Trainee: 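My structure is below; once you've seen it, I'll send some questions.
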Amino acid sequence: MIMKSSMTKTEPKKIAFSGIQPSGIIHIGNYLGSIQLWLEVQGHYDAIFSVVNLHAITVPQNPKDLKANTLNAAKTFLASGIDPEKATIFVQSDVPEHAQLYWTLGTITKLSELYLMTQFKDKSQGTETVLSGLLTYPVLMAADILLYNTTTVPVGDDQRQHVELAREIARRFNDMFGKTFVVPQALIHKTGSRIMGLDNPGKKMSKSAANKNNYIALTDTAADVASKIKKAVTDSEGSIYYDIDKKPGVSNLLTILSLITGSSIKDLEKTYREQTTYAGLKNDTTTALVDFISAFQKRYRNISDAEVKHHLDLGAQKARAMASQKLEEVYERMGLSL
Ligand code: TYM
C-alpha cells in the first residue's frame, strides 16, 4: 500500500483530509471510491474526516432531514471502521473557520476557474435559477483541505478537478502572501475511483440519480441488492473480462466484486473464463455485497446517536484547535488582524 512504502521513520506524519456530504443515502460508490481509502490511511496519516453539511446546502435541504442525515453519515464513518482514536471526525459547520477561510480564498479565486468545474456544469444544467453557492462550492472545499496542512486528499475521481483547484488556490495564496498553505495531493484508487451506475454504466453511480436501480445504498436490504444487481445493465457478448470501453457494465461489476472481496480483477477474469452468461458473476457480486452490507448494518445498529455525538463533539474541538491556528496565520498574512 502506498503509504507504507512511501513512509520512513524520520518522515513527518502526513495529513489526510476528506469529507462526504450528508445528502441522504451513502452508496457503494462513496464507500469504495472514498471511505475504503480513508480506512487505508487512518493509522498511517493524521486523518481528519468531515461530514460536510455546508456543502450539502448548496442544493435545497429539508432542515429536519439534514440533521438526521448528518448524524447518520457520521454513524456510517464509524460503522465502516473509522476509529475515532486514530482519526478526527467532525461536522463541518461545527468549525466556523471553514466558512471564514472560504471567504478569504474566494477573494483570490477567479470566476472563470469556477465556471470550468465539471460538477458545476452538470449540477447547474437545466436549472432555471443557479444559486451562487453551487458555483463557489469548490472554494469551500479548498478551505476544508487547506485549513489542516493537508498533504493528501483521499477521494473518488469526480473530485480530482476540485482538488486540482485547491492546489492552485494554495499556490496562488503562497505566491501573494508568503508560504502559508501546504499544496495537497489527491489520493485516488487506480480501479474503483469511478463506480458506474448499475442502470447506466456510461455514467457514474450517483446519490441524486432518479432511478434507485442506479446505486446500491449502504442501507439497502438483501432483496434490494439482489434485484438491483440482477437488473444491472451488461451487454450481449456473454464473456467476462475487464474492458471499460467495450464492456462498461461487466467491468463495473468486476470492479465492485474485486474491491469488496479483495480478489484481483485478473483472478476474477480467470474464475469466470469458461462462463458464457453473466449469472455467475451477478450471483457472486450479490453475495459479496449482501455479506458486506449486512455486516456493516449490524455494526451501524449497535452505535447509538449519543456515541456519535460524543465523538463529533470531541472531533470538532480538535479540528477547531488546528483550524483556528491556520486562520490566524491567514488573517495575519492578509493584514486582517491588528
Ligand atoms: P460526495 O459527498 O459527493 O462524495 C463523497 C466521496 O465519494 C466519492 N464518490 C465516488 N467514488 C467512486 N465512484 C462514484 N460513483 C462516486 N461517487 C462519489 C467522491 O469522489 C467523494 O470522495 N465535494 C465532496 C465532499 C468534500 C470533500 C471536501 C472531499 C467537501 N470538502 C474536502 C474531500 C476534501 C463531495 O461532494 O463528495
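Keep in mind it's a predicted model, so treat the numbers as computed, not measured. Note that ligands are numbered from 1 as they come in the structure, with each ligand's atoms numbered from 1 the same way. Just the heavy atoms: all of them, side chains too, but no hydrogens, waters or symmetry mates, feed the values below.
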Trainee: Do Leu218 and Phe292 make a side-chain contact, defined as non-hydrogen atoms from C-beta onward lying under 4.5 Å apart?
Mentor: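 SC-SC contact between Leu218 and Phe292 confirmed.
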Trainee: Side chains of Asn53 and Thr70: is there a donor and an acceptor less than 3.5 Å apart?
Mentor: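 No donor-acceptor contact under 3.5 Å links the two side chains.
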Trainee: Would you please say whether a donor-acceptor pair under 3.5 Å links the side chains of Asp83 and Gln42?
Mentor: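 No donor-acceptor contact under 3.5 Å links the two side chains.
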Trainee: Do Asp158 and Lys204 sit within salt-bridge range, that is, some charged N less than 4.0 Å from a carboxylate O?
Mentor: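 Yes.
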Trainee: When you compare the side chains of His162 and Gln159, does any donor N or O come within less than 3.5 Å of an acceptor on the partner?
Mentor: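 Yes, because at least one side-chain N or O of His162 sits under 3.5 Å from a partner of the opposite role on Gln159.
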Trainee: Assess, by modelled atom type and distance only, whether the side chains of Lys246 and Tyr241 contain a donor and an acceptor separated by less than 3.5 Å.
Mentor: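 Yes, because at least one side-chain N or O of Lys246 sits under 3.5 Å from a partner of the opposite role on Tyr241.
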Trainee: Would you check ligand 1 and list the protein residues that come within less than 4.0 Å of it by any heavy atom, ordered by chain and number?
Mentor: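 Within 4.0 Å of ligand 1, protein side: Phe17, Ser18, Gly19, Ile20, Gln21, His27, Gly29, Asn30, Gly33, Ser34, Val52, His55, Tyr137, Met141, Asp144, Ile145, Val153, Val155, Gly156, Asp158, Gln159, Gly192, Ser193, Arg194, Ile195, Lys204, Met205, Lys207.
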